[in-house]
Amino acid sequence: MLAAVALIPHGRLATYGQIAELIGAYGCARQVGWALRRLPLPSPVPWHRVVNARGRISMSPSREGSDWMQRQLLLAEGIPVSGDGQLPLRRYLWVPRVLPACAMGADD
DNA sequence: AAAATGACTATAT
DNA sequence: TATATAGCCATTT
């Protein structure tokens, strides 16, 4: 699980469902979020590269404010994030080795 | 064991 | 294009 998140390339994004699918748990997007929630702030995994399917940072009162921290981290990665946590998922979405390298540089 | 909850996602308005 | 509603599935009470 965290391993899947850990292998997200630098400067690239991935959705919860994507991670879930990657670990062989399709439809378990919520569990991914659950796992990241219990993750400590100084975590060794790039949890900030994980966003929801709408390409936005999933904010919640449970996160106290770590969501905004995520925004900062993403900005540090070189990903432009709007004040609302909206980011160009279409451009930065990580493609875990889809078909051939015909993805026009859309992969890592 | 049943019911409630949540860093989600996909449809329907 | 943007809210509202309904599925989903593991964890928690």
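Chain naming here is simple, since letters A, B, ... match the order of the sequence lines and numbering starts at 1 in each. Every heavy atom of this structure was used, including side-chain atoms; hydrogens, water molecules and symmetry mates were not.
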Peer 1: Checking base pairs now: Watson-Crick or wobble, both atom distances under 3.5 Å. What partners C/dG7?
Peer 2: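 WC or wobble partner is B/dC8.
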Peer 1: Check whether A/Q70 reaches the backbone of A/V50 with its side chain - one donor and one acceptor, N or O, closer than 3.5 Å.
Peer 2: yes
Peer 1: Roughly, in whole Å, what's the span from CZ in A/R30 to P in C/dG7?
Peer 2: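 My rounded result for the distance is 14 Å.
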Peer 1: In whole angstrom, what separates A/M1's CE from C/dA10's P?
Peer 2: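 In whole Å, C/dA10 P and A/M1 CE are 14 Å from each other.
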Peer 1: Please round to the nearest 0.5 Å and tell me the distance separating atom NE2 of A/H10 and atom CD of A/E77.
Peer 2: 4.0 Å
Peer 1: More 5' along DNA chain C: A/R37 or A/G27, using each one's nearest nucleotide?
Peer 2: A/G27
Peer 1: What is the distance, rounded to the nearest whole Å, between atom CH2 of A/W47 and atom C1' of B/dA7?
Peer 2: 9 Å
Peer 1: What is the distance, rounded to the nearest whole Å, between atom CG of A/N52 and atom P of B/dA7?
Peer 2: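 Rounding to the nearest Å, CG of A/N52 and P of B/dA7 are 12 Å apart.
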Peer 1: Would you confirm whether A/R90, through its side chain, and A/G55, through its main-chain N or O, come within 3.5 Å as a donor-acceptor pair?
Peer 2: no
Peer 1: B/dA7 C1' sits how many Å from A/L74 CG, rounded?
Peer 2: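 A/L74 atom CG is separated from B/dA7 atom C1' by 13 Å.
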Peer 1: Please tell me which of the listed nucleotides, C/dT12, B/dT9, B/dA7, lies nearest to the side chain of A/S62?
Peer 2: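 Output: B/dA7.
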Peer 1: What's the separation between atom CH2 in A/W68 and atom CE in A/M59, rounded to the nearest 0.5 Å?
Peer 2: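 It comes to 4.0 Å.
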Peer 1: Side chain of A/A29: nearest nucleotide among B/dA7, B/dA10, B/dC8?
Peer 2: B/dC8
Peer 1: CG of A/D84 versus P of C/dT1: gap in Å, rounded?
Peer 2: 17 Å
Peer 1: Rounding to an integer number of Å, can you tell me how far A/Q86 CD sits from C/dT1 C1'?
Peer 2: 12 Å
Peer 1: Rounded to the Å, how far apart are A/Q31 CD and C/dC9 C1'?
Peer 2: 4 Å
Peer 1: Select from A/C28 and A/R54 the residue whose nearest nucleotide in DNA chain C is closer to the 5' end of that strand.
Peer 2: A/R54
